[in-house]
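To keep things clear, I will list the structure first and then write my remarks on it.
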Amino acid sequence: MKLFNHVSFLHVCFSRRIYQDCPSPDLETQTKNTEGSEDCKDQGKWKIGDLVMTPGLKYAQPNTQQGRTDVNSVTNWNVPLVWEGTFDPVVIDEIYREMDPRIAVVVFAVGKYTRFLKGFLETGEKFFFIGFRVTYYIFTDNEKEVPKIEMGTGRNITILSVPPASRWQDVVLGRMKWATVSIEQRIRNEADYLFMMDIDSIFYNRFGAESLSRLSAVLHRAYYKNTPRDSFPYERRPLSKAYIPAGEGDYYYTAAVWGGYLEEMYKLVKYCYEQSQEDAKNNIEAVWQEESHLNRYLLYNKPTKVLSPEYLWSDYDKVSADIKVIRISQLVKNYAEVRPNGGN
């Protein structure tokens, strides 16, 4: 059953509980204890449930006649395109807190990128899903450089070791491999939602439950306005598994922030890893590594929520008039200095 409103696009499996752990094809042990139905088949184990809100909550009355008129807030496949002013943070956070999801954040801090951990984690503890259960999974080749950060209640850091890399491209592609393995071996049992994020970023404002859906993608700040689809930096070589032909495409999505149900993210992360491996067999590397594979997947497997560039801006760029709030932004840095192969 599908339910759509202005706040979010929700796949709902009704039960006597607020949420339901629906069975997944590769989670046989859960099927015996689930109050599942045909609606839950092959959809992953975490399902958004009834939109329950605590009585007495005070918030602004919604208006059917007023809202953002300077931007589009719905895609052509009729899911939300989320901007500041298209949701009430008090309402959406309250509803999702009732469901008490476990949220995983996967970041990679390899080589000199460990220097960005402190800023990311400290600002995340001010702005990222405050009041929710959050675990930051830090993949690093230097555990000693992970800073000690004061964490809120129900919020944790888990450190996972990965080998160093000689090329920044290998770090990027390696994210898909190690994330796939870690979801299979550990994270699957510890989270309901998962976000992949770049560590060289900091949070400036709230990043909350309005971003949650089965699969949420973020518009790339450089291509979200008037760029023709044939000018998107898709992979255009037919030999690559990331190939998107001219004349096709919806948006260009960044690979620096994306998220969704744990099992949906597992499928997507594994897809990017396996497709990059197939490319390697053919001696080709997609033009933007996993971002190219991500864009191909999302073209043919539409996201259930699209997030505006508020959800990943860049400190390099002037803020556009339609960006009312910067929620997270990539930091200015010397790529030649921080990348293992000098940024090349």
Side-chain angles (χ1 to χ4, degrees), residues 9 72 74-83 106-108 168-180 183 194-198 200-201 211 213-261 263-282 284-314 317 328 330:
F9 180 81
N72 183 16
V74 65
T75 71
N76 63 347
W77 59 95
N78 205 32
V79 305
L81 205 170
V82 182
W83 304 81
V106 168
V107 294
F108 280 70
W168 68 265
Q169 294 92 339
D170 293 333
V171 177
V172 170
L173 291 168
R175 295 199 315 167
M176 301 302 103
K177 172 185 176 181
W178 296 114
T180 298
I183 291 171
L194 185 143
F195 283 88
M196 297 285 295
M197 291 187 167
D198 278 5
D200 54 340
S201 309
S211 65
S213 79
R214 183 174 62 81
L215 194 58
S216 299
V218 178
L219 298 180
H220 196 293
R221 70 188 185 281
Y223 307 103
Y224 77 98
K225 283 194 171 182
N226 301 308
T227 304
R229 58 163 55 129
D230 286 351
S231 296
F232 289 158
Y234 292 150
E235 175 54 70
R236 301 299 189 180
R237 296 168 294 176
L239 182 61
S240 173
K241 292 293 185 179
Y243 171 62
I244 296 177
E248 295 189 32
D250 299 316
Y251 306 111
Y252 188 80
Y253 304 105
T254 178
V257 176
W258 35 303
Y261 288 161
E263 292 298 330
E264 293 296 326
M265 285 293 287
Y266 170 67
K267 288 196 299 185
L268 179 45
V269 169
K270 186 177 180 182
Y271 169 88
C272 291
Y273 170 54
E274 291 178 343
Q275 297 303 92
S276 65
Q277 290 294 100
E278 288 298 312
D279 272 2
K281 293 177 184 178
N282 293 316
I284 191 169
E285 184 176 277
V287 60
W288 289 109
Q289 293 80 40
E290 94 276 32
E291 188 169 86
S292 298
H293 294 289
L294 172 73
N295 273 274
R296 178 179 170 85
Y297 183 95
L298 294 176
L299 173 58
Y300 303 117
N301 303 270
K302 306 296 190 193
T304 49
K305 187 174 286 183
V306 175
L307 306 178
S308 71
E310 298 168 3
Y311 292 84
L312 190 73
W313 198 250
S314 171
D317 296 340
I328 184 172
Q330 291 181 315

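Remember, it's a predicted structure, so these values are computed and weren't measured experimentally. In what follows, every heavy atom counts, from backbone to side chain, and hydrogens, waters and symmetry copies are set aside.
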Original post:
Considering only heavy atoms from C-beta outward, does the side chain of Lys302 approach that of Val79 to under 4.5 Å?
Top reply: no

**OP:** Could you pull out the closest heavy-atom pair between Thr304 and Pro80, with the gap in Å?
**Re:** O-CD, 3.9 Å

Original post:
Just by modelled atom types, is the Pro309 backbone N or O under 3.5 Å from a matching donor or acceptor in the Arg221 side chain?
Top reply: no

**OP:** Kindly compute the distance separating NZ (Lys305) from OG (Ser211), expressed to the nearest 0.5 Å.
**Re:** 7.0 Å

**OP:** Would you please classify the geometry between the Tyr251 ring and the Tyr253 ring as parallel, tilted or perpendicular, with 30° and 60° separating the classes?
**Re:** perpendicular

Original post:
Considering all heavy atoms of both residues, which atom of Arg236 and which atom of Tyr243 are nearest to each other, and what is their separation?
Top reply: O-CE1, 3.3 Å

Original post:
Is there side-chain contact between Trp288 and Asn295, with at least one heavy-atom pair below 4.5 Å?
Top reply: no

Original post:
Do Gln277 and Tyr273 come within less than 4.5 Å of each other through their side chains, counting heavy atoms only?
Top reply: yes

Subject >> Minimum side-chain heavy-atom gap Val82-Tyr311 below 4.5 Å >> reply: yes

Original post:
Of the non-hydrogen atoms in Leu312 and Ser201, which two are nearest, and what is the gap between them?
Top reply: CD1-OG, 4.2 Å

Original post:
Taking all non-hydrogen atoms of both residues, which atom of Val218 and which atom of Ser308 are closest, and how far apart?
Top reply: CG1-O, 3.7 Å

**OP:** For the pair Trp83 and Tyr224, name the ring-plane relationship: parallel under 30°, tilted 30 to 60°, perpendicular over 60°.
**Re:** tilted

Original post:
Which heavy atom of Asn78 sits nearest a heavy atom of Val74, and at what distance?
Top reply: OD1-CG2, 3.6 Å

Subject >> Sub-6.0 Å ring centroid separation between Tyr234 and Tyr252 >> reply: yes

Original post:
To the nearest 0.5 Å, how far apart are NZ in Lys241 and OH in Tyr271?
Top reply: 8.5 Å

Original post:
Can you tell me how far the CG atom of Asn301 sits from the CG atom of Leu268, to the nearest 0.5 Å?
Top reply: 8.5 Å

Original post:
Which value, rounded to the nearest 0.5 Å, describes the distance between Leu81 atom CG and Leu219 atom CG?
Top reply: 5.0 Å

**OP:** Drop me the distance from Tyr223's OH to Thr254's OG1, to the nearest 0.5 angstrom.
**Re:** 10.5 Å

Subject >> Taking every non-hydrogen atom, the tightest pair across Ala256 and Gln330 >> reply: CB-NE2, 3.6 Å

Subject >> Steps toward side chain to side chain contact (heavy atoms under 4.5 Å, CB included) verdict (Glu290, Ser276) >> reply: CA-CA 7 Å; Glu290 94 276 32; Ser276 65; over 6 Å; no

Subject >> pair Val257-Asp198: side-chain heavy atoms closer than 4.5 Å >> reply: no

**OP:** Dump the intermediate steps for side chain to side chain contact (heavy atoms under 4.5 Å, CB included) on Glu291 and His220, then the final yes or no.
**Re:** CA-CA 11 Å; Glu291 188 169 86; His220 196 293; 4.2 Å; yes

Subject >> Met265 and Met196, any side-chain heavy atoms less than 4.5 Å apart >> reply: yes

Original post:
Is Arg214 reaching over with its side chain to a backbone N or O of Gly260, donor-acceptor style, under 3.5 angstrom?
Top reply: no

Subject >> Test side chain to side chain contact (heavy atoms under 4.5 Å, CB included) applied to Thr75 and Asp250, step by step >> reply: CA-CA 9 Å; Thr75 71; Asp250 299 316; over 6 Å; no

**OP:** Nearest 0.5 Å please: distance from the OG1 atom of Thr180 over to the CH2 atom of Trp178.
**Re:** 11.0 Å

Subject >> Electrostatic pair Arg237-Asp279, nearest N-O below 4.0 angstrom >> reply: no

